[in-house]
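All remarks here apply to the structure that follows.
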2 protein chains.
Amino acid sequence: MRISDLSRRSGAPVATIKFYLREGLLPSGVPTGRNQAEYGDVHIRRLLLIRALTTIGQLDLSSVRLLLAAIVDEELPLPDLYEVASRAMFPVETGDGEQAPEVLLARCDVDKFIDDLNWVVQPDAPARRRLAEVLAALRRLGCECGMEFFAPYAEAAERLAMQELELVPLDGAAADRAAAIVRTVLLEVALGALRRMAQEHYVTERFGREVTTAGEARTGS
Amino acid sequence: MRISDLSRRSGAPVATIKFYLREGLLPSGVPTGRNQAEYGDVHIRRLLLIRALTTIGQLDLSSVRLLLAAIVDEELPLPDLYEVASRAMFPVETGDGEQAPEVLLARCDVDKFIDDLNWVVQPDAPARRRLAEVLAALRRLGCECGMEFFAPYAEAAERLAMQELELVPLDGAAADRAAAIVRTVLLEVALGALRRMAQEHYVTERFGREVTTAGEARTGS
């Protein structure tokens with residue numbers, strides 16, 4: 001198919017596709033004439049993958065580039081592929097007070113919490129620091145919650161991680177590896193969306209809602 | 001305290017504090033001389049709140065401005081406050097194919113799923129569309145999972161939303177409202193961090209890890 005068909009079928013503008021081609025994120029098509037090339041299913045799939053990671057997953061292009069390279073490198077063990085994904089999903093250094101005593105103290109609590117869960121997590125995993133930053137911020141703002149408050153969060157994370165991993169074949173090729181990464185990134189967004197809706201439901205149930213809305217009309221009594 | 005103390009105690013640079021003051025995100029201090037003002041605990045708390053929402057929560061300043069206004073407006077019912085937070089956490093329109101037939105189809109499945117959960121969620125809640133986009137993207141990429149796959153995600157979202165709401169007093173004043181919003185935004189990050197670590201743990205347990213790392217050394221046998 002031509003680049004215009006590729007655009008139509010993927011929903012990505014032609015200019016965006018040309019940009020991905022120039023940047024090497026999308027492999028070149030087979031040249032069929034001056035300024036023309038033929039594209040196939042491999043291009044569609046790659047394009048949908050890039051769009052899902054950038055538009056829904058909000059990953060930046062440098063993270064996507066690293067992820068694509070890790071997906072097609074079938075020599076790279078799956079745990080390392082997940083590590084690339086994990087780092088891509090925590091791209092921004094939060095900066096403020098990363099060496100602050102509160103964060104260091106919270107980090108000790110986080111490390112103990114992860115040890116108590118018997119989770120094997122690398123000492124320099126960015127998620128450890130991110131969790132410590134959250135804990136320190138909650139404490140500084142007087143919203144202190146002890147580590148036991150996080151237990152149901154860890155339990156949920158554990159159950160969902162296990163369910164997702166069951167879908168990944170042991171000898172997965174590039175397509176399976178791409179699917180694993182897509183699920184990791186997109187189901188994070190899905191979980192956030194469901195959390196939003198669950199909150200809306202329970203906060204309305206508990207505190208009522210005075211403004212009449214279309215939503216209320218549907219709930220009836 | 002002076003602006004320099006405010007900076008030291010909050011970890012925010014003086015230039016950033018001045019920017020927040022100019023933008024009206026932070027109330028002015030009490031003038032004590034030309035170009036000098038005295039700041040108090042209210043400034044510290046507000047500053048920590050802004051920093052937590054922007055650096056850890058990754059919210060943009062226009063969202064933070066809306067949230068701060070909604071927090072201090074104690075006339076605004078709590079469900080509406082949560083709605084402001086929810087919209088702040090889905091700031092970016094994903095654009096691509098939002099009217100695509102796949103997304104519309106997925107949206108029907110999402111609406112039925114939410115109905116089956118008996119959740120009361122407004123028809124125009126951005127989270128509905130976001131979940132439909134995720135579902136459509138998974139299907140287009142051949143990572144199809146039926147809606148039953150999302151059931152444990154919904155269950156986790158439900159349990160965590162209930163736990164968080166139990167911390168919010170029925171007649172909450174501005175400080176309680178701020179705490180509720182801080183938890184909503186920051187615990188989303190905490191949940192993501194825990195999901196990262198759970199994935200690392202289970203992927204390593206299931207697929208092994210060939211590269212020797214500091215993390216491995218800790219796991220022992």
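Letters A, B, ... mirror the listed sequences (proteins, then strands); counts begin at 1.
In terms of heavy-atom proximity, A:Ala157 sits nearest to B:Ala198 at O-CB, 3.6 Å. The two residues A:Arg130 and B:Val189 have their closest heavy-atom pair at CG-CG1, 3.5 Å. Contact between B:Arg45 and A:Leu141 at its shortest, heavy atoms only, is O-CD2, 3.8 Å. Shortest non-hydrogen contact noted between B:Gln163 and A:Tyr153 is NE2-CE1, 3.8 Å. Considering all non-hydrogen atoms of both residues, A:Arg195 and B:Leu187 come closest at NH2-CB, 3.6 Å.
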Between A:Met197 and B:Leu131, does the side-chain contact (heavy atoms from CB on, under 4.5 Å) criterion hold? Intermediate values first, please.
CA-CA 10 Å; A:Met197 291 191 273; B:Leu131 187 56; 3.9 Å; yes

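Separating the OH atom in B:Tyr82 from the OG1 atom in A:Thr204 is a distance of 11.0 Å, to the nearest 0.5 Å. The CG atom of B:Leu49 lies 12.5 Å from the CZ atom of A:Arg140; values are rounded to the nearest 0.5 Å. How far CG of A:Leu78 is from CD of B:Gln199: 10.5 Å, rounded to the nearest 0.5 Å.
B:Glu83 has no carboxylate O lying under 4.0 Å from a charged side-chain N of A:Arg196, or vice versa, which leaves the two without a salt bridge. Salt-bridge annotation for A:Arg128 and B:Glu200: absent, with no side-chain N of the basic residue lying under 4.0 Å from a carboxylate O of the acidic one.
One side chain, B:Glu158 or A:Tyr202, offers a donor N or O that lies under 3.5 Å from an acceptor on the other.
Residue B:Arg159 touches chain A through its side chain alone, counting heavy-atom pairs closer than 4.5 Å. Neither the backbone nor the side chain of A:Asp124 comes within contact range of chain B; no heavy atoms are under 4.5 Å apart. Heavy-atom distances place the side chain of A:Ala52, and not its backbone, under 4.5 Å from chain B. For a residue to count as touching a neighbouring chain, one of its non-hydrogen atoms must lie under 4.5 Å from one of that chain's; by this rule B:Phe113 touches chain A with the side chain only. In this structure, no portion of B:Thr54 lies under 4.5 Å from any heavy atom of chain A. Residue B:Glu205 does not touch chain A at all, counting heavy-atom pairs closer than 4.5 Å.
For chain A, the option among B:Leu191, B:Leu165, B:Ile114 with the highest count of heavy-atom pairs below 4.5 Å is B:Leu165.
By the neighbour-count criterion of 12 heavy atoms within 6.0 Å, atom CZ of B:Arg9 is sparsely surrounded, having that number or fewer from other residues, nucleotides or ligands.
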